[in-house]
Amino acid sequence: MSEHCDIEHMKNNRNIVLIGLSGCGKTALGRQAAERFRMPFIDVDESVEARAGMPVREIFKLYGEPYFRDLESAMIQEIAPGGGMVIATGGGAVLREENMRALRENGLIVFLDRPPENIAKDIDCGARPLLAGGTDALFRMAEERRPLYLKNADVVLPCAGSPQEALEALAAVIRDERPGRGFAVIGDPIAHTLSPLIHRTVLDALEVHEPYDAIHVPKGKVGGFVEKARASGLKGFNVTIPHKKDILPFLDEVEEEAALCGAVNTVVARNGKLCGHNTDMQGLLAALQADGAGFRDKRVVILGTGGAAGAIALKAAREKAYSITVLGRRAHKAEEIGESVKKLLNIPIQAGILDPETALKAAAEADILINATPLGMSGYGEDFSSLDFLERMPPDSLVCDIVYNPPKTRLLDKAASLGLKTQNGLAMLIYQALLAEELFLGRKLDKPALYIKVSDTLSLK
Ligand code: NAP
């Protein structure tokens, strides 16, 4: 979408206007929500300060409250007609009906209903002119103004929980208000996903002014989400743990690689239908190829028997690996992967238990060894009990860890110290996202250039 279209889109959208007590989080939450939905953000107090050339408390001290209210009203009359913005008002904006009339004309009024006892815990009352009397002044003000906030609100957002909960609730309001826009990632948990950062970097670089949101969808609720996505006209979304398999029955079409793996990580809305794709494995292959590696004619050893391990085994088979060995802590799961690969292609495949002895034997005959377990992942709490198998690997072999946090796991550290080639999971993560973006936008992208931009962004994080 061009910049021009985006401006048109903005004009056609109502503002999201935040009202509520001083200190309830209008500025912080408004700013974060605006960034998330790529909407302009305006804080009325900050705009008044910029125009007056002094802080609000100085205006109060030098000229008194009525003068400040006049400045505030003038600013609101100027700002309100613009569309598609998040506007944080001052706590007293509701005191003048003319303010609320102007804001309501082109805006959805959202009351951030934070209990004054919560506000008292984390603001410095002395820094706010009308709260200089301390917490008593805050409680008095809450009693006086709450009826006004309730009277003016289109939506009341209870904000007694954490700032993150309040942000999610506000994001849900904005999503409902602005259907048919942008992209998202769904998962449970979702707070720590890197997808928004990666996709927003790509969209920014391409000057595509679309939001990319992170939506918490609890396990078991993916069907409900898909129906909502259909109704809202979301253009596409990524899917992460635990929905990659569960989402399949709710989609209209599933492309070949996703159907083979039985897992979807990207859904694209096209001609009224939702089509599931899987870019994880192509992402891993692209990452290997960028380092001059690949599966063709290689002896591939995969540690793990979960979703990623199964998909890697299928990809290695389709790419004509010389042989594949799958090792897991449950032999039957390794054998199941072996069977599904055999059904597809006639490639020598061994499957067995992941114990020190089999690991030593498999590593001695590996060109590529891939860790597809969460062992060594930050926060997982477990790591390989022994890495001795790395010492058996042939000198030119590659050790790939699809874990990306930390970027250098113990496995990769030891492999590098033995002079083996290494690759971490970040390259796969970035390439799967770039491939998903190609599907979202329906065009080929300059992946090497975008890869550099995204990895720069991630290294700054
Ligand atoms: P999954 O389906 O939950 O599979 C995890 C696998 O690890 C299972 O085989 C599990 O064994 C095994 N495992 C767990 N703890 C183990 C332990 N202590 N010892 C031995 N095996 C153990 O997860 P997944 O989707 O395949 O993902 C696996 C890892 O890859 C995760 O860390 C994920 O973050 C990462 N990943 C990275 C990317 C990327 O883009 N870089 C993409 C996808 C996944 P059981 O079956 O016996 O439980």
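For ligands, and for the atoms within them, numbers begin at 1 and follow the listed sequence.
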Indicate whether atom 15 (N) of ligand 1 is within a distance of less than 4.0 angstrom of some protein heavy atom.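 Protein heavy atom within 4.0 Å of atom 15 (N) of ligand 1: present.
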Under the 4.0 Å line, does any protein heavy atom show up next to atom 9 (O) of ligand 1?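 There is a protein heavy atom less than 4.0 Å from atom 9 (O) of ligand 1.
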Checking [Y] against [X]: is there a side-chain donor and acceptor pair closer than 3.5 Å?
| X | Y | result |
| --- | --- | --- |
| Glu257 | Asn278 | no |
| Glu168 | His216 | no |
| Asn265 | Asp280 | yes |

At under 4.0 Å between heavy atoms, which part of Leu375 makes contact with ligand 1: side chain, backbone, both or neither?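 The side chain, only.
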Angle class for the Tyr212/His199 ring planes (parallel below 30°, perpendicular above 60°, tilted otherwise)?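 Rings of Tyr212 and His199: parallel, under 30°.
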Using a plain distance cutoff, I'd like to know if Gln432 has any nitrogen or oxygen under 3.5 Å from a nitrogen or oxygen of ligand 1.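 It does not: no N or O of Gln432 is found under 3.5 Å from an N or O of ligand 1.
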Any nitrogen or oxygen of Ala309, main chain or side chain, under 3.5 Å from a nitrogen or oxygen of ligand 1?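 It does not: no N or O of Ala309 is found under 3.5 Å from an N or O of ligand 1.
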Check each of Pro374, Gly304, Ser378, Gly306 against atom 13 (N) of ligand 1 and report the one with the nearest heavy atom.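 Nearest heavy atom to atom 13 (N) of ligand 1 lies in Pro374.
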For atom 2 (O) of ligand 1, which candidate among Ala287, Ala372, Gly307 holds the nearest heavy atom?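 Result: the heavy atom closest to atom 2 (O) of ligand 1 is in Gly307.
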For a side-chain contact (heavy atoms from CB on, under 4.5 Å) with Leu398, tell me which candidate from Leu288, Thr422, Leu369 qualifies.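 It is Leu288; the other options fail the test.
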Do Glu336 and Arg330 sit within salt-bridge range, that is, some charged N less than 4.0 Å from a carboxylate O?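 So Glu336 does not pair with Arg330 through a salt bridge.
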